[in-house]
Structures are given as C-alpha cells and as structure tokens.
Amino acid sequence: MSDWITYRLVDFLMFSPRVYYRLVERYNHDVWPLQIIFIAGGLFVLMLAVRRKNRAIAFPALAIAWAFCAWQFLWMRYAVINWPVSYAAAAFLLQAGLIVVSIRPAGAPPPAVRLYGGIGLMLLGLIAYPLLAPFAGRSIASAESFGLMPDPTATTTLGAVLALSPKPPWLLLPIPLLWCAVSGLTLWALQDPGAWVPFASIVATLALVLLSRR
Amino acid sequence: MIITRRATVQGLGLGALLPLMPRLALGQPANLVSRPIPSSGELMPVVGLGTWITFNVGDDPVLKDECAAVLAAFFESGGRMVDSSPMYGSSQPTIGYGLRKLRYPERLFSAEKVWISDPTRGTAQIEASRAYWGVETFDLMQVHNLVSWEEHLPALFEMKASGQIRYVGITTSEGRRHREIERVMASEPIDFVQITYNILDREVEERILPLAKEKGIGVIVNRPFRQKRLIRQFEDEPLPAWLDETGALSWAQFLLKFIISHPAVTCAIPATTRVDHVRENLEAATGILPDERSRRRMVDYVEAL
Ligand SMILES: NC(=O)c1ccc[n+]([C@@H]2O[C@H](COP(=O)([O-])OP(=O)(O)OC[C@H]3O[C@@H](n4cnc5c(N)ncnc54)[C@H](OP(=O)(O)O)[C@@H]3O)[C@@H](O)[C@H]2O)c1
C-alpha cells in the first residue's frame, strides 16, 4: 500500500530557485577568493594528468575539494534548506576518504581515450561550469566552481580519476555519479536550463569507461 | 564552523581582492469571516497561512525579513492560523524570527505537526519545534501525513489533557490515504483534520467533509492553489461576468472563496512569499461568500475553461 507513485519530482522540492541561488551567491561571497585557489588546484591536477607523472600528489587535492564542499556547502548551508542533503554531506566526506585510500604511486598510463576524455571532463568541471550561470540566465555571483560546489567537484573528479588511474577507478565512481543523478533531477525540478550538464557527465563517464575496456 | 567572508579574507591575507567579488544583488484588522472550531466554539478566521517552501529561506537575512513582512501583513489583516511542520526545512526558525520581530501577536494560532516514524521521538521533536517558534505552547498539534498516527495520537491526547497543546489533528494532502483518514475521524476524538480541497480537487466533498460536519471536526484546507498551479492555469483566462455573486476580485480570491464557502471548512491555509498576496488572500475572507448555486456555477465555469 504505497502512495509513493502519487508523488511527482517537484513534490520533493522543498525550496524555491530564488532561495537556492541566493544561497549560492552568499556562499560565493563568503568564501571568495577560494574559488580561484580551488580552480588553480584543479588545473594543477589536470597538468599532472597531461604530463603523466607524479599522479599520487593529485589525489590529496581532490580529497580536499570533496571535504571542503561537504563541510562548507552541503552541511553548513545547503542542508539548512534541504535536509536530505545532510546524507549527501556524509557521502562527500566518504568520497574524500576513498580518494585518500586510493592514492597509489604512478603506474602505467591509462588508455588514451580515457586520458583525453578525462581531461575533457576536467575542463568541463573547472572552466565551463563557472561560466554556466550566465548561460542559464543567472548572475555570475551564483557561478559554481570546483571545490566549492558539488556539481563541478563531481565532474572534475570523475575526469581526474579517469585520466589518472591505470585501471578503471571503480571505487571512486559511484558517489560522484550518484550525486550527478541527484543534482540533475533537482535542477530539472527547479526548471534550470543547466539540468542536462550533470546527466552529460554521467553519460561521458560511462562511455569513457566502456570505450577504454581492453 | 561556517566560513564567513571576513574569515576567508583575513585567513588568506587578501583584503585587497575583496572589491573584485561580484556584489550581491541585494491597526485594526478588517472583519474577517470566521467559523467556530467545532470542538470548542473558538472563532477562527477562514483564511490562514501555510509555510511549505515559501518560508524555507535558510539564514538569508533579506528573505527572512520578507517572510517577517508577510507575517506582519497577515496579522495586521486579521489572520490567525499559521501552519508549519518539521518537514519544511528552515520554515520553523523563519516563523520564530518573524514572531520575535512582531513581539508574538496575540492573535497567533500556531498549528504545528509531529512528523517522525519513531514514536518515542515525538515529544523531543515537538519540543524542538516549540523552541524554533519561541512560543510557550502550540495551539494545534497535527500528525503529519498520518506518520505513525496510532502511536502519536495517544501522546497528543495526553499533551492536550495536561494543557501542553489545545487541539489535536491529523493531516494528509492531494487525496492520499483518504480511507485511513476517515477511519481516524470516525474512531478518534480529534479536533482537526487537514486535507487538500480546491475547485478542481473536490473528492473530499463526498465523504470527508460531511463526516467532519457530522463528527464536529474542524477542517483545515491545504494546497488551495495546488501550489500555484491553479493560478498559472487560470490567470490568463477571463473571470466570469457574474463575478459579483462570488464576492471575489481576482482569480486567487475566486479560488479561495470557493473553498471557504463550503460550510464544513474551518480555515484554508494558502502559502505566499508576498505581502500583496497575503493581503489579497485575507481579503477573500471579507465581504460575501458564494452560495450553493454560485458554487456550482464556479465549478462549471472553471471546468469549461
Ligand atoms: N500533508 C500536509 O500536511 C500538507 C501538505 C501540503 C501543504 N500543507 C500546508 O498547506 C499550505 C498550503 O499549501 P501549498 O503551500 O503547498 O500550496 P498553495 O497554498 O496552494 O500555493 C502556494 C503558492 O501560491 C502562490 N500564491 C499565494 N497567494 C497568491 C495570490 N494571492 N496570487 C497569486 N499567487 C499566490 C504562492 O506564490 P507567491 O509566493 O508568489 O505568492 C505560492 O507559490 C502549505 O504551505 C502547508 O503549510 C500541508
């Protein structure tokens, strides 16, 4: 006797777009200029992937991004208007831990398709994401950047672990993929024009994993 | 610890960068139609205020003040019932903020909910809600969406007996679990039932509203505008030429007048973020209400649109 089927996606949305994007604007304002520092850190990870060396030091940078986003955005801010997000904050901390335990000395480079596809995803997360706000008709003050906001953090990380790991990084994929699905559905319910981007990250990741199977 | 702008800038020693950050776009009430609460005779204006989504604004100072202004206009216009739930994110602290600012208007009728499946944690949840509102006691405590109602109701009746709350109720919405609601209404001494009723969702007219009348149970109506979808659906359509007989001046009032003119309804609780809308909604509780013949005309009219 379940009445779950009578609910629509919007029934789970408990805040308005205005409240959400003002929250993001105020957060960006509070932590400025950490946006620049995190993106610079992300570009450093990208450079390590391109140069195919010292990959082990890329992982702590990713872990810091997940932990910071979990703590300052998901837990301290977003969960206040959307209580289910407190579980996501725990998952993000777990992902930070998983990244740390996945640190390995550099091994063989990944297949080229995964390397270049991963770099493409990182560019999406690091460079394109912050520019999405104006395209979605929002102010640049609500721009989303790596390390601060969950979507670019997830996308950049998916790209980074695909580009850095010799084997498909199975342990590090579920949480970012799951987050992209949750976020895509939330943005869809909010009728945000950028709702397709998290879904694109999922499709790209799965395609890269499949294509690079030898 | 939440990182603030000051902490970030000082921590990084980068005060000079601050200007680069994009700036933040930054009486006497009218006589309202009131109905007696059936179990006590206490008078309740037929339009109240909901807080789902609209009052969930986190700690945004601008939006908190906007909600406080809505509350101020609500009480100024003679409103009484404010409805919330622990499910509504930060709506409870927002209400508390507004009430403190308004120094707890005397006419407030606080309608809260208990919403937790573990019945042993009900009392703690109610206490947390009370602290958020900053009130001494709640007027009405409802079991939200029938969650663990068999266990919560006896506890609520005890709280009522000891004066910690004044009324007990249950809620559902959008037609869910109506058979079970009817069973509770028939077997438990509740004061209120909260259901969805509007000009397009009229299923409750068949059994629940007559049962409420028969049992002397007050009826609170949620989703009067189907969370604004009804307004969007009709706002570009013309209002009927015979609008006078409804007493309404706008679509919002037309929709509200339909609900509150049902004799079993005690109070409808539209939610809003806007002062002009809260005034418009309370104004629906003034002047004439449509009679039975006009109510049928109203249904025929919107169904033909
Ligand atoms: N199971 C339950 O217990 C349950 C379930 C659902 C709801 N509820 C309660 O019932 C309350 C009402 O339901 P609801 O909030 O879902 O939906 P609702 O009251 O039908 O609709 C709220 C929407 O209507 C708009 N609105 C209000 N007055 C207006 C006006 N005069 N003109 C134009 N638009 C107007 C508001 O937008 P603006 O901000 O632009 O005015 C708001 O978005 C809830 O807030 C909650 O307290 C309880």
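Quick caveat: nothing in here was measured; it's all calculated off a predicted structure. Throughout, protein chains are lettered first and strands after them, A, B, ... in sequence-line order, and every chain is numbered starting at 1. Below, all heavy atoms of this structure are taken into account, side chains as well, without hydrogens, waters or symmetry copies.
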Heavy-atom pairs under 4.5 Å with chain A: which of B:G89, B:S91, B:G175, B:P93 has the most?
B:G89
From A:L123 atom CG to A:Y129 atom OH, the distance as rounded to the nearest 0.5 Å:
14.0 Å
Check whether any side-chain N or O of B:W251 sits under 3.5 Å from a backbone N or O of B:F234 as a donor-acceptor pair, and report yes or no.
yes
Any idea how A:Y78 and A:F15 line up, ring-wise: parallel (<30°), tilted (30 to 60°), or perpendicular (>60°)?
perpendicular
Residue, of B:N56, B:I53, B:T273, that accumulates the most heavy atom pairs under 4.5 Å with chain A
B:N56
Which atoms of B:F55 come close to chain A, meaning under 4.5 Å heavy atom to heavy atom: side chain ones, backbone ones, both, or neither?
neither
Contacts with chain B made by residues 62-73 of chain A (heavy-atom distance under 4.5 Å), listed by residue number:
A:F68, A:W71, A:Q72
Verify, without hydrogens or angle tests, whether B:K113 (side chain) and B:S84 (backbone) share a donor-acceptor contact under 3.5 angstrom.
yes
Any donor-acceptor N/O pair, B:T196 side chain to B:S173 backbone, under 3.5 Å
no
Cation over ring face, A:R138 and A:Y21, 6.0 Å, 45°:
yes
Residue, of A:I81, A:V80, A:L13, that accumulates the most heavy atom pairs under 4.5 Å with chain B
A:I81
For B:Q194, the option from B:N145, B:D83, B:T171, B:T172 that meets side-chain hydrogen bond (donor to acceptor under 3.5 Å, both in side chains):
B:D83
Sidechain-backbone polar pair: A:S16 side chain, A:V19 backbone, donor-acceptor under 3.5 Å
yes
If I measure from the heavy atoms of chain B, does A:I36 come under 4.5 Å with its side chain, its backbone, both, or neither?
neither
Can you tell me if A:N28 uses its side chain to pair, donor with acceptor, with the backbone of A:A141 under 3.5 Å?
yes
Is there any residue in residues 186-206 of chain A with a non-hydrogen atom under 4.5 Å from a non-hydrogen atom of chain B, and which ones are they?
none
Quick one: does NZ or CZ of B:R176 land under 6.0 Å from the six-membered ring centre of A:Y7, within 45 degrees of the ring axis?
yes
Okay, side chain of B:Q125, backbone of B:P86: is any donor-acceptor separation there less than 3.5 Å?
no
